[in-house]
Structures are given as C-alpha cells and as structure tokens.
Novice: 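Below you will find the structure I want to go over with you.
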Amino acid sequence: MNWPKHGSNPQYIYKETGIPKPEKWIDFSANINPLGSPQILKEKWLDFYQKINDYPDPHTQVLKKLISNKTAVDPESILLGNGGAELIALLGRILAGGNVLLIEPAFSEYESACSANDCQIFYHQLDEPAWELNVEEITSKLSAIDAVFLCTPNNPTGIGYSNETIVKLLEECKKTDTLLILDEAFYDFLEDYTPISPLIKEYSNLVIIRSMTKMFAIPGLRLGYILANPRVIDKLSGYQPHWSVNALAMSAGELFLQDTYFVQNIVNYIRSEREKLFSFFLAEGFEFSPSQVNFYLLRDPLEKEQMPLFTFLLRRGIVPRHTFNFPGLEGKWLRFAIKSTEENNYLMEVFEEWRQLP
Ligand SMILES: Cc1ncc(COP(=O)(O)O)c(C=O)c1O
C-alpha cells in the first residue's frame, strides 16, 4: 500500500485503502488545535489583505522582536520560516553529507530532509510503551554524530521529556561537538512547561524548532521559527529563499504573540478532553501513550493487528493517522488528535460499537 507520509488530507487515505468515503468524516490525523485560530484573525484579515501589494519584510524584524521578548533569546538567534517544515529542510541543507542520529519514533521529515542531503542516518529507538529517553544509551552513539534530532513533546507519542534529561543530553552532545536539535512544535500544548530557550545563550550546540501552525490552527498559512546560536542562524538563512515568510503569515504571527489568554484556554480545553478520553480508554481496555499534549497513540491489545480497527473507523467516518512510516511502530498503533468535545464523544461512541462487535 502507498501510505500517505503525513496526516491531514483524508481523501488520500480513503483512496489508498479503497474504502468509500462516507458522506461525513472527521479528520483525527492532523494535530491541530480543534477550536480553530483566534477570532481576531478573522477580524483583522481585511487589514492584512492590504499588505499583499508590497514585498514582506525579508528580515521579519517586528516578529523577531516579539519572539525575542517572549523567549529571552536575542533577535540574531532567531530565524522565521514558512512553517517548521521549511526550517527542518534548511537544517538538512547545513548538515549535508554529515552523520545524524534520529531518536525514533519521530516526525518523518527529519529523515526526508537528511536523506535528501546525503547524510548518513543512524537511529536510536525508544521502546514502547513508555518511550523513555535513556541518555547513557544515546551518549554511547554520539562519537561521530554531527546532529541529533529529538522531538519533544514527541510526535507521535505526545510525551514531553524533562529539561533535566535534555540538559544532560545537551552536555554530552557538547563534548562531541554535536548539535542537539529539539523539535518543540507542540511545546505550547504542555501544561507544565519550563522554557529551555534561555539556554541558547549558554549552549552553542542547542537548536530549537517551533511551529505556530498547530496551536494557532494555521497549517494553511505556514509559520514557524528556529532558535539557535547566531552562527547556526547565519548558515541556515544563507539557504533560505528571500521573502520566505509571507506578509499574511507574518501579520498573523505578530497578532498571536501578543495574546496571552488564547493558549491557556486551549491547553485547559485539551487537558479536560484528554482526561475524559483516557478514562474511557482505560475502562474499555484500550492501550494508549501517556501523552501530555493534543494527540496520542492508541491500540486495541485484544487485536494482533490494528488494521481491522483502522478500517472499521474509516468506514464510520473517523480518520486516524496510520503509523506505518514511524520506525518502531510500523502500524502497531494508531494516532489520534484530540478534537472538539462533540467529535471526541463521537469517537468514544464508535469505539463502544467496536467493543460490542461479535
Ligand atoms: C513534530 C513536528 N515538527 C514540525 C512539523 C511541521 O510543522 P509546520 O506545519 O509548522 O510546517 C510538524 C507537522 O506535523 C510536526 O509534527
């Protein structure tokens, strides 16, 4: 089967599996804030529209200043991008021909970006069902590694690693002159988060990727940033096309960074939905990853293969994310986004039906 590489765009999953697309379907495969982007974006949209007649600021100065204030990182240590995906592609360019270590399971774009740039790719597999990060084991693999990619909170498990563990790994990476690339695309969904970004000043080998498309529900607009030592930022921006961040995305980003309540409301909403779903899964005997964010892995331990569950859900209009292209998971789990209350309730209803099948 030719599985789509990413979630979203469910028409490809229905086409590939040959299952007729029901009249109504819910996309649980894309990990986007289910309540949508801030209302103020709609209100300001016509003002933003005026900006498309001019080239956007290629230095993204206003947005950099706002990010600098928020992260305590100097503007020279910030690079904006056309979504986190563009920044990962740029990292691939600066690592060209080098040795990289991917901590798996993880977002598949690290592997794509590195293999497109002829890197030699090594893997460190985290073991289910706890997916714990053992720094000693990783350290033993670092000697000839130029960069380590670590996704935290991790996509696909939703597990966030502690700053203590990350700093331990950062110290080890420093000894071998290895970049530690943290993908924090989902950091703002964490309830208890202590920013690691102030360490950018202290550790020239620390790189942090962030996406604004998830929390602010703008995957169609595209916006992300990287925090790193100015030398790394200069190398990355050397490969970035001029005006990569468009004026609409930039204006939206400026608006979002000034709003303090939006993120907190979403975090609270997701927590309450997650708690409800996880109690239900426990009661019904499903296994799930101990996620701290807005998506989780799930499997039915009563089934050897998860494919029958997957196709049952598709027929009932629920589109999970397959895990065939996550090393170590290979279809043994399904990933679900936490959606709106109504959508999550429907999901639980369908799981109940599944449990009652003869
Ligand atoms: C872990 C992770 N990093 C980065 C990205 C890319 O995000 P963006 O939509 O900002 O390109 C994704 C998108 O799914 C992701 O899951």
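Read the numbers this way: they start at 1 and go in the same order the structure lists the ligands and their atoms.
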Novice: Is a salt bridge present between R222 and E86, judged by a nitrogen-to-oxygen distance below 4.0 Å?
Specialist: no

Novice: Assert yes or no for the condition that the ring centre distance of F107 to F326 is strictly below 6.0 Å.
Specialist: no

Novice: Identify whether the distance between the nearest side-chain nitrogen and carboxylate oxygen of E287 and K332 falls below 4.0 Å.
Specialist: no

Novice: Go through ligand 1 atom by atom and flag the ones less than 4.0 Å from a non-hydrogen atom of G83.
Specialist: 10 (O), 11 (O)

Novice: With a 4.0 Å cut-off on N to O distance, would you call E136 and K168 a salt bridge?
Specialist: yes

Novice: Determine whether any heavy atom of R222 lies closer than 4.0 Å to an atom of ligand 1.
Specialist: yes

Novice: Check each atom of ligand 1 against the heavy atoms of D183 and keep those under 4.0 Å away; list them by number with element.
Specialist: 1 (C), 2 (C), 3 (N), 4 (C)

Novice: Check ligand 1 against C151 and write out every atom of the ligand that is under 4.0 Å from a heavy-atom position of the residue.
Specialist: 1 (C)

Novice: I need the nearest protein heavy-atom contact for atom 14 (O) of ligand 1: residue, atom name and distance, please.
Specialist: K214 NZ, 2.5 Å

Novice: Using a plain distance cutoff, I'd like to know if N82 has any nitrogen or oxygen under 3.5 Å from a nitrogen or oxygen of ligand 1.
Specialist: no

Novice: If we only consider heavy atoms of M212, is any one of them less than 4.0 Å away from an atom in ligand 1?
Specialist: no

Novice: By the definition side-chain hydrogen bond (donor to acceptor under 3.5 Å, both in side chains), identify the one residue from K141, E104, E111 that meets it with Y123.
Specialist: E111

Novice: For ligand 1, which atoms have a heavy atom of G84 less than 4.0 angstrom away?
Specialist: 7 (O), 8 (P), 10 (O), 11 (O)

Novice: If you measure from each non-hydrogen atom of A185 to ligand 1, which part falls under 4.0 Å: side chain, backbone, both or neither?
Specialist: side chain

Novice: Starting from atom 16 (O) of ligand 1, which protein heavy atom do you reach first, and at what distance in Å?
Specialist: N155 ND2, 2.8 Å

Novice: Would you say the ring centers of F281 and Y296 fall short of 6.0 Å from each other?
Specialist: yes

Novice: Give the numbers and elements of all ligand 1 atoms closer than 4.0 Å to a heavy atom of T213.
Specialist: 8 (P), 9 (O), 10 (O)

Novice: Checking side-chain contact (heavy atoms from CB on, under 4.5 Å) against V73, which of S197, P198, P195 comes through?
Specialist: S197

Novice: Heavy-atom count check: over 12 atoms from other residues, nucleotides or ligands less than 6.0 Å from D177 CG?
Specialist: no

Novice: May I ask you to identify the nearest protein heavy atom to atom 6 (C) of ligand 1, giving residue, atom name and distance to one decimal place in Å?
Specialist: A85 N, 3.7 Å

Novice: Given F295, Y225, F107, identify the one with the heavy atom nearest to atom 15 (C) of ligand 1.
Specialist: F107

Novice: Please determine if E352 and R355 form a salt bridge, counting it only when a charged side-chain N lies under 4.0 Å from a carboxylate O.
Specialist: no

